[in-house]
Chemist: 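The structure under discussion is supplied below as structure tokens; questions concerning it will follow.
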2 protein chains.
Amino acid sequence: MAAKPRPSQRAVPVIGEDSRAGAEAARLDLGILEGHLGYFVRRLQVEIFQQLITALAPFNVRPAQFSVLVLIERNPGQPQAAIARSLNIERAALAKMLHELERRGWIQRLPSVDDGRSHALFLTGAGEDALTRIKALAQDHERRLERRLGARRYRELAALLKDFG
Amino acid sequence: MAAKPRPSQRAVPVIGEDSRAGAEAARLDLGILEGHLGYFVRRLQVEIFQQLITALAPFNVRPAQFSVLVLIERNPGQPQAAIARSLNIERAALAKMLHELERRGWIQRLPSVDDGRSHALFLTGAGEDALTRIKALAQDHERRLERRLGARRYRELAALLKDFG
DNA sequence: TATTGTTATACTCTATAACTATA
DNA sequence: TATAGTTATAGAGTATAACAATA
């Protein structure tokens, strides 16, 4: 079928309500995607992470590494499994990540006194120093995001997302 | 340093306002992550996509493939670059994805009449049939998501995310 | 010169499975 | 038997660079 499909090449851009000056490229019709929350959540998440990665580039830290460092700082002595559960990271992935953070001299793994199987995680002094500066960069990023979204939208989004856990 | 770090193994779970019955595992203190919108956007996005992937599993379709099929259906004859731009997908990644969709017999690439470099994209009959059913599964998923978030929160989130473009 | 589609590479993430050592 | 940590693998997503054909 469709041996001779109509070449319905409509160069007419289907733009939505957003018709700013010099809209660079034609936006296509999103169809049913307009009704899918996940599409918009994904786009926002990608934009935020791209900017966060750029913001943390001076320390070559990825968002996931940042979140692990923060949890270790706030919950010293916890085993890997607890960190992994709290952040929804696979144990295997976390182990690899911790090797890298240990190689950089930012974290320590000490044998747990309670449980011979587990490691108690701590930041080193260098890790604390690095994280202090990384957190400052992350806060700058967050303030830029707040400006980008507008203070009201930022606040409402945060409230909606936080009380759904 | 920290030759003898205090074994501050506090098994006391730091739980927030969410103290449901049988809170399975101790939630750790998220620290500064509580103030980062990206953290919560990411968690929601991961949950939505995991459920969507499960919902679309009968057709072995990934979210990105789904969005490409929808855009081709709604914008027949468009070249690959237009799809890639609209969905924020790399041209190279889209080319690979289209090969797979073509292999399944869901899409066609015809030489563009306007531009010798580009391919005009169309769904095949089989592609239209598949997409009709895939969209139904996606809609079921969306209704589950709406129930999961609550109708009010779902509606407010959608409104906030859609008008930020 | 710039753009379209393509191939190739690399790196991250994610998901599994299998293994050890402990519980 | 279950759990903690490790290693290995495979798949998907993302980001680049390079190339041929065309504009």
Side-chain angles (χ1 to χ4, degrees), chain A residues 9 11 24-26 42-43 45-54 56-57 60-68 77-103 107-121, chain B residues 9 11 24-26 42-43 45-54 56-57 60-68 77-103 107-121:
Chain A
Q9 246 87 325
E24 64 291 334
R42 171 68 177 168
R43 289 196 78 120
Q45 183 261 310
V46 167
E47 180 182 326
I48 293 176
F49 269 49
Q50 280 175 343
Q51 293 177 0
L52 179 59
I53 290 167
T54 301
L56 302 186
N60 194 25
V61 168
R62 313 275 310 175
Q65 292 172 316
F66 171 60
S67 66
V68 167
Q78 288 291 324
Q80 299 181 191
I83 304 286
R85 266 194 304 269
S86 291
L87 291 177
N88 249 328
I89 298 175
E90 286 295 321
R91 279 180 310 148
L94 181 61
K96 207 176 145 201
M97 200 187 304
L98 291 175
H99 283 135
E100 171 60 20
L101 296 176
E102 200 170 28
R103 194 190 63 76
I107 68 158
Q108 271 189 304
R109 297 196 249 203
L110 301 175
S112 168
V113 292
D114 304 343
D115 187 332
R117 297 170 298 181
S118 64
H119 301 167
L121 299 173
Chain B
Q9 248 86 327
E24 64 291 332
R42 171 68 177 171
R43 289 196 78 120
Q45 182 262 310
V46 167
E47 180 183 324
I48 293 176
F49 269 47
Q50 281 175 344
Q51 293 177 359
L52 179 59
I53 290 167
T54 301
L56 302 187
N60 194 26
V61 168
R62 313 276 309 178
Q65 293 172 315
F66 171 60
S67 64
V68 167
Q78 287 291 322
Q80 297 181 191
I83 305 285
R85 266 193 303 268
S86 290
L87 291 176
N88 248 328
I89 298 174
E90 286 295 321
R91 279 179 311 151
L94 181 61
K96 206 177 145 200
M97 201 188 303
L98 291 175
H99 284 136
E100 171 60 20
L101 296 176
E102 199 170 30
R103 194 191 62 76
I107 67 159
Q108 272 189 304
R109 294 195 252 202
L110 300 176
S112 168
V113 292
D114 304 341
D115 187 331
R117 297 169 298 181
S118 66
H119 301 169
L121 299 173

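Values in this document were obtained by computation on a predicted structure and should not be read as measured data. Throughout, a chain's letter reflects where its sequence line sits, starting with A, and its residues are numbered from 1.
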Chemist: Write down the distance between CD (A:Gln65) and P (C:dT12), rounded to a whole number of angstrom.
Modeler: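 So the CD-P distance, A:Gln65 to C:dT12, works out to 8 Å.
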Chemist: Quick one: pull up CD in A:Gln45 and CD in B:Gln45 and give me the separation to the nearest 0.5 Å.
Modeler: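 The CD atom of B:Gln45 is 4.5 Å from CD of A:Gln45, to the nearest 0.5 Å.
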Chemist: From CG of B:Leu98 over to C1' of C:dT7, roughly how many Å is that when rounded to an integer?
Modeler: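 These atoms are roughly 15 Å apart.
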Chemist: Just the rounded figure in Å: distance from P of C:dT6 to CE of B:Met97.
Modeler: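 Whole-Å distance recorded here is 13 Å.
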Chemist: Are A:Leu56 and A:Arg62 side-chain neighbours, meaning at least one heavy-atom pair lies under 4.5 Å?
Modeler: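 No, their side chains stay 4.5 Å or more apart.
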Chemist: What's the CZ-P distance between B:Arg117 and C:dT6, to the nearest Å?
Modeler: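 Atom CZ in B:Arg117 sits about 14 Å away from atom P in C:dT6.
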Chemist: Just how far, in rounded Å, is C1' of C:dC13 from CG of A:Leu94?
Modeler: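 So the CG-C1' distance, A:Leu94 to C:dC13, works out to 13 Å.
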Chemist: Quick one, B:Val68 and B:Leu101 - any side-chain contact, counting heavy atoms below 4.5 Å?
Modeler: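 When only atoms from C-beta onward are counted, B:Leu101 and B:Val68 do touch, with a gap below 4.5 Å.
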Chemist: Could you measure the distance from the CZ atom of B:Arg109 to the CG atom of B:Leu98? Nearest 0.5 Å is fine.
Modeler: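 That separation rounds to 5.0 Å.
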Chemist: Can you name the closest pair of heavy atoms from B:Phe66 and B:Val61 and give their distance?
Modeler: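 Taking B:Phe66 first and B:Val61 second, the nearest heavy atoms are N-CG1, 3.7 Å.
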Chemist: Under a 4.5 Å cut-off applied to non-hydrogen side-chain atoms, are B:Leu121 and B:Gln78 in contact?
Modeler: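 With C-beta onward as the side chain, the pair stays apart.
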Chemist: Measure from the side-chain N and O atoms of A:Ser86 to the backbone N and O of A:Ile83, and report whether any donor-acceptor pair falls under 3.5 Å.
Modeler: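 Here the side-chain-to-backbone pair does not exist.
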Chemist: What's touching nucleotides 14-19 of chain C from the protein side, N or O pairs under 3.5 Å?
Modeler:
from   : atom 1 : to      : atom 2 : distance (Å)
C:dT14 : OP1    : B:Arg42 : NH2    : 2.4
C:dA15 : OP1    : B:Gln50 : NE2    : 3.2

Chemist: So where does chain A start and stop touching DNA chain D, 5' to 3', when the test is distance under 4.0 Å to a non-hydrogen atom?
Modeler: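 With heavy atoms of chain A under 4.0 Å away, the range is D:dA2 to D:dA15.
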Chemist: Side-chain contact, heavy-atom cut-off 4.5 Å: A:Arg91 with A:Gln80?
Modeler: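 A side-chain contact is absent here, since even the closest heavy-atom pair is not under 4.5 Å.
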